[in-house]
Amino acid sequence: MMIPKEHLYDNAKTTSNSGQIELLKKHFPSCFDKNGAFIPHKMSEVVGQSALELSKESYSLNWLGKSYARLLANETPFTLLREDKKHNQKEANQNSENLLIKGDNLEVLKHLKNAYSESIKMIYIDPPYNTGGDGFVYNDDRKFTPEQLMRLAGIELDEAKRILEFTRSKANSHSAWLTFMYPRLYIARELLKDDGVIFISIDDNEQAQLKLLCDEVFGEENFVESLIWKRRATPPNDRVIGRNHEYILVYAKNIYNIFLSLQPRGEKLNSRFSNPNNDEKGAWVASDLSANGKGGRITESCIFEIVNPQTGEKYLPPKNKCWLYNEEKIKSLILEGRISFRERTGTPFLKRYLNEVREGSTLATILENYGFSQDSAKEIKELFDNDVFDFPKPLKLLKTLILSGLTTSNDLILDFFAGSGTTAHAVMDLNAQDNGNRKFICVQLPELTDPKSEAHKAGYTTIFDITKARIEKASEKIKKETSLLHQNMDLGFKIFETMPLFEGYLDDMEELSKEQTLFDGTLLNDEALEALLVTWKVYDGQSLTTPLQRVSLSAYAAYLGGKNLYLMHKGFDMEALKAFIAKLDSDKDFNPSKIVLFGYNFESKTQRELKEAMSVYTNKKAIELDIVVRY
Ligand SMILES: C[S@@+](CC[C@H](N)C(=O)[O-])C[C@H]1O[C@@H](n2cnc3c(N)ncnc32)[C@H](O)[C@@H]1O
């Protein structure tokens, strides 16, 4: 029997909608015929008449390059990830779960997609605003021919030619900016937890475009607010109307899962909570389960009968109102015991637990006193003694956003346009303030600094160098200033970076199906194999900070990551196979469920021998152990 082959860089079947079709197939197989063709009327059965009626309004954002952007979102990365061992082995960083990743954020987001899917509570980004003077130009080195692009993006040849013209001409049009942002936001959404929130800084150059883009990516229903941040105390007088604000667009992954308004707590509020039924989650207060609908609009999917599982009684929401959540969510809340029924009237209510109520003051849409640009410039100057970074955001603003993103003290926070690293600094500061354990992931391009800039003169040749130095300096400052840091306070960070794929690696793609390989695995030194391992580990869903365990199989070194055993090196012989089986037999903690072979280092004969030996072993022991050959 053949061992299944995987090529992580194979985009032969990737198109502008291949990922979305896969998702539909996975969740709604009945909507496809036996040849895999979509049957629209089956989908209308799935969503039901009411949903169809509501979606009659047809309105969408279009731009030159949209189908190209969708193709980019679906493609696999074309880089590897490697770690900065020297930095990561330092004592302060060894056990850290904070991450700073160097590289183009689209590549990095793609690498993170499996391991960090639905695990980020809050994303803050401050992308290039496309002011004309901020250096934004569209930049990618994908090499499609117009004919290829026409086929993959499902567009006309003429459109394909025009798109390739602008992607290659360092354009900064609205279309170029939207093409840049779309795939990044699309993947960012996949990383958000179901109760996650994204905050995006922007100004009037692209705010209108961004709002519509986010409506498309996150769903208009999930728009939370457009905040106005006052960035200058006094307006500049170089315009007819002095502009002294920027926007921060806020979207939820799922609007029904977030409560963005913070409640001031204090004794008076606490006294409203009690625990008459000895609820194991502690003291609670009953709160209304009905709502007026978002923005005063009643949400149809939130009007249905809630059934009391004990009595079978059914309850509709009060007149002109809907329930807070849709049916699926309400059912799961009943199962969790978070929805109860009043003794006297029987009506359902939501239990809000004291230990889940967040402290803070209510955030309003106008952020007037959350630090000005001037303050953030001072914050940088204080750390670096120089103005090494133009227009960082103030710490106070970031801390406020992180808290209002309803992060709890263990949440993961992502900023993939890290700049000077204000988000990372804010996360560490907040942890020091409240003994929290929030983690950050920051991504920054090694963009060159201007040779005439203070940053360059101070030795920072790339912006990434500034990000790294800021986090280190902030960490030192916190250590110095805070006397009561809790023992496990994570003030370190690990560094990873993208690197180009090995030369010739992709040339083999077509040959793989013909059972022959041109690429020579022996050309790869240990460092290269380590980069493959890091890349595969996250591809297989392990976090970047989870260490791989070296496993000795006689003289052969294998690596265990979660339940995957990676066999990367050449030279897997009979002795190694025997040692492997002996370890499976004798070591009760060693129970991988999948073996991943590096195809270029395993001849077909060795692959077959391993497969046969494993089949015999797993049949005898009645265990599952898959094998896959990966390229
Ligand atoms: C406006 S700055 C962010 C400033 C940040 N909020 C702060 O407080 O310092 C945007 C940053 O995104 C970076 N950037 C732009 N394109 C990028 C990309 N494709 N991948 C990663 N970083 C990128 C730029 O180098 C710049 O440092």
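Order of appearance sets the numbers: ligands from 1, and atoms from 1 within every ligand.
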**Prompt:** Taking heavy atoms and a distance under 4.0 Å, where does Arg184 meet ligand 1: side chain, backbone, both or neither?
**Reply:** side chain
**Asked** Does Phe180 have a non-hydrogen atom less than 4.0 Å from ligand 1?
**Response** yes
**Request:** Starting from atom 8 (O) of ligand 1, find the nearest protein heavy-atom neighbour and note its residue, name and distance.
**Result:** Thr422 OG1, 2.6 Å
**Request:** Could you tell me if any non-hydrogen atom of Arg470 lies under 4.0 Å from any atom of ligand 1?
**Result:** no
**Message:** For Ser376, which part has a heavy atom under 4.0 Å from ligand 1: side chain, backbone, both, or neither?
**Reply:** neither
**Message:** Looking at Tyr370, I'd like to know if the NZ or CZ of Lys230 sits under 6.0 Å from its six-membered ring centre while staying within 45 degrees of the ring's axis.
**Reply:** no
**Message:** Can you report which non-hydrogen protein atom sits closest to atom 14 (N) of ligand 1, along with the distance?
**Reply:** Phe417 CD2, 3.6 Å
**Asked** When Arg438 is tested against each of Asp411, Asn431, Asn98 for side chain to side chain donor-acceptor pair (under 3.5 Å), which residue passes?
**Response** Asn431
**Prompt:** Phe166 ring centre to Arg162 NZ or CZ under 6.0 Å, with the angle to the axis within 45°?
**Reply:** no
**Message:** So is Ala418 touching ligand 1 or not, going by heavy atoms under 4.0 Å?
**Reply:** yes
**Aromatic ring pairing Phe440/Phe493, orientation class (parallel under 30°, perpendicular over 60°, tilted between)** = tilted
**Request:** Pick whichever of Leu445, Asp126, Asp415 has a heavy atom sitting closest to atom 1 (C) of ligand 1.
**Result:** Asp126
**Request:** Please determine if Lys473 forms a cation-pi arrangement with Phe384, meaning its NZ or CZ atom is less than 6.0 Å from the six-membered ring centre and no more than 45° off the ring axis.
**Result:** yes
**Message:** Taking 4.0 Å as the limit for heavy-atom contacts, which would you say applies to Phe389 with ligand 1: side chain only, backbone only, both, or neither?
**Reply:** side chain
**Complete:** Nearest non-hydrogen contact to atom 26 (C) of ligand 1 from the set Lys393, Lys102, Gln444 belongs to Gln444
**Prompt:** Quick one: nearest non-hydrogen protein atom to atom 9 (O) of ligand 1, plus distance?
**Reply:** Ser420 OG, 2.6 Å
**Message:** Going by side chain to side chain donor-acceptor pair (under 3.5 Å), name the pairs with one or both residues in residues 441-454, residues two or more places apart or in two chains.
**Reply:** Thr449-His456
**Fill in**
Among Val443, Thr423, Asn105, closest by heavy atom to atom 20 (N) of ligand 1 is Asn105
**Item:** Pair Thr546-Ser543, side chain to side chain donor-acceptor pair (under 3.5 Å): steps then yes or no
**Value:** CA-CA 5 Å; Thr546 312; Ser543 77; 2.7 Å; yes
**Fill in**
heavy-atom search around atom 25 (O) of ligand 1 in the protein gives Glu447 OE1, 2.5 Å
**Request:** Applying ring-ring contact (aromatic ring centres under 6.0 Å, His included), name anything that partners Tyr186, two or more places apart in sequence or on another chain.
**Result:** Tyr182
